[in-house]
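Just so we're clear, the structure is a prediction, and the values are computed from it rather than from any experiment. In what follows, every chain begins at residue 1, and chains take the letters A, B, ... in the order their sequences are listed.
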2 protein chains.
Amino acid sequence: MSLDQIEYFVAIAEEGNIGRAALRLHISQPPLSRQLRRLEDELGAPLFERHPRGVTLLPAGTRFLQHARSVLREVDRARRAVAERPPDPHT
Amino acid sequence: MSLDQIEYFVAIAEEGNIGRAALRLHISQPPLSRQLRRLEDELGAPLFERHPRGVTLLPAGTRFLQHARSVLREVDRARRAVAERPPDPHT
DNA sequence: GCGATCCAATACCGTTTGGGTATGGAGAGC
DNA sequence: GCTCTCCATACCCAAACGGTATTGGATCGC
């Protein structure tokens, strides 16, 4: 599992459509489909149901989504924690 | 930034020594040094001070460490959330 | 002071992974 | 049944990753 895969998953979940998610992520659709499949393979369960009009979250996908967002939030906080200046007792 | 880099960083922080962290991670020392450097480059700040006997966390590294551990914890929860069976009202 | 030792950093290589283009295939709507 | 819309597959090229070999630098023991 990679952070990119997690970010891709969230985008697909929010768009409900792999092609639109690809546009939003500025990558093309085939690699995005492949990353999603690899994520599902690694997790051992499908996360989306494929429809002719897009994709919808399966229960496992819905459960995963919440934690996926938490991961991305925490990564963001980690970046900012490095950027922020440590408190200086003299100021 | 990748999940591997985060995991590598935590191992180095805990070992205080890149070589020992490499053993623990079952990779060799040079790629681990390189991943650490790339992480520091991306974050725009060094995370460790290099000593002749190992490495020690800088303040920015200490701040990063807490969030890094949160990220790994949350990834673990995400995996388990997919594995767990959804509640069934009939049982 | 000098050699030995211990670490991290660099150089180079082979393999793997990731993204791009082109194309196929299945289902919905008219 | 034709078309339109998606997702999946095939193939290719470039980037990233890990491994081995080696260098550089600083300390420790003599």
Side-chain angles (χ1 to χ4, degrees), chain A residues 1-62 64-65 68 71-72 75 79 82, chain B residues 1-62 64-65 68 71-72 75 79 82:
Chain A
M1 193 183 328
S2 72
L3 286 177
D4 279 346
Q5 284 174 340
I6 293 175
E7 186 183 350
Y8 291 175
F9 166 82
V10 172
I12 295 170
E14 290 178 356
E15 295 292 338
N17 182 306
I18 296 182
R20 274 203 305 272
L23 288 175
R24 168 172 151 187
L25 293 165
H26 301 106
I27 67 172
S28 53
Q29 171 263 318
L32 183 55
S33 286
R34 187 178 48 192
Q35 290 300 334
L36 172 59
R37 181 159 298 281
R38 284 185 187 167
L39 178 61
E40 293 176 320
D41 286 351
E42 181 182 342
L43 291 172
L47 301 173
F48 290 100
E49 209 166 7
R50 272 73 168 175
H51 299 292
R53 276 287 174 272
V55 297
T56 57
L57 280 169
L58 290 168
T62 302
F64 186 77
L65 179 57
V71 169
L72 298 183
V75 168
R79 287 186 201 277
V82 172
Chain B
M1 192 183 329
S2 71
L3 287 177
D4 280 344
Q5 284 174 338
I6 293 175
E7 186 182 350
Y8 292 173
F9 166 82
V10 172
I12 295 170
E14 290 178 355
E15 296 292 338
N17 180 307
I18 297 183
R20 274 202 305 273
L23 288 175
R24 168 172 150 187
L25 292 165
H26 302 105
I27 68 173
S28 52
Q29 172 263 319
L32 184 55
S33 287
R34 187 178 47 193
Q35 289 300 330
L36 172 59
R37 182 159 296 281
R38 284 185 186 169
L39 178 61
E40 292 176 320
D41 285 350
E42 181 182 342
L43 291 171
L47 301 173
F48 290 99
E49 210 166 4
R50 272 74 168 172
H51 298 293
R53 276 287 174 273
V55 298
T56 58
L57 279 169
L58 290 168
T62 302
F64 186 76
L65 178 58
V71 169
L72 298 182
V75 168
R79 287 186 201 278
V82 171

Atom CG of A:Leu32 to atom C1' of C:dG20: distance rounded to whole Å?
13 Å
Taking CG from B:Leu39 and P from D:dC17, how many angstroms apart are they, rounded to a whole number?
11 Å
Check every atom of D:dG19, C:dA9, C:dG19 against the side chain of A:Pro31 and return the nucleotide holding the closest atom.
C:dG19
Letter by letter from the 5' end, nucleotides 25-30 of chain D scores (B base, S sugar-phosphate only, - none; protein heavy atoms under 4.0 Å) -SS---
Starting at atom CD of B:Gln5, determine the distance to atom C1' of D:dA16, rounded to an integer number of angstrom.
10 Å
Sugar-phosphate only, base, or nothing, as touched by A:Gln35 at under 4.0 Å among non-hydrogen atoms:
sugar-phosphate
Identify, residue by residue, the members of residues 8-25 of chain B with a heavy atom below 4.0 Å from DNA chain C, and return them in order of residue number, or none.
B:Asn17, B:Ile18, B:Gly19
Taking the side chain of A:Pro30 as its heavy atoms from C-beta onward, which of C:dT10, D:dG18, D:dT9 lies nearest to it?
D:dT9
Compare side-chain N and O positions of B:Ser28 against OP1 and OP2 of D:dG19 and report whether any pair is under 4.0 Å apart.
yes
Nearest-neighbour nucleotide for the A:Ser33 side chain, C:dG20, D:dG18, D:dC7 considered
D:dC7
To the nearest Å, how far apart are A:His26 NE2 and C:dG20 P?
11 Å
Find the distance B:Gln29:CD to D:dT20:P and express it as a whole number of Å.
12 Å
Difference in axis direction between the ends of the helix from C:dG1-D:dC30 to C:dC30-D:dG1, five pairs, 10°:
30°
Does a side-chain N or O of A:Arg34 approach OP1 or OP2 of C:dG19 to a distance below 4.0 Å, or not?
no
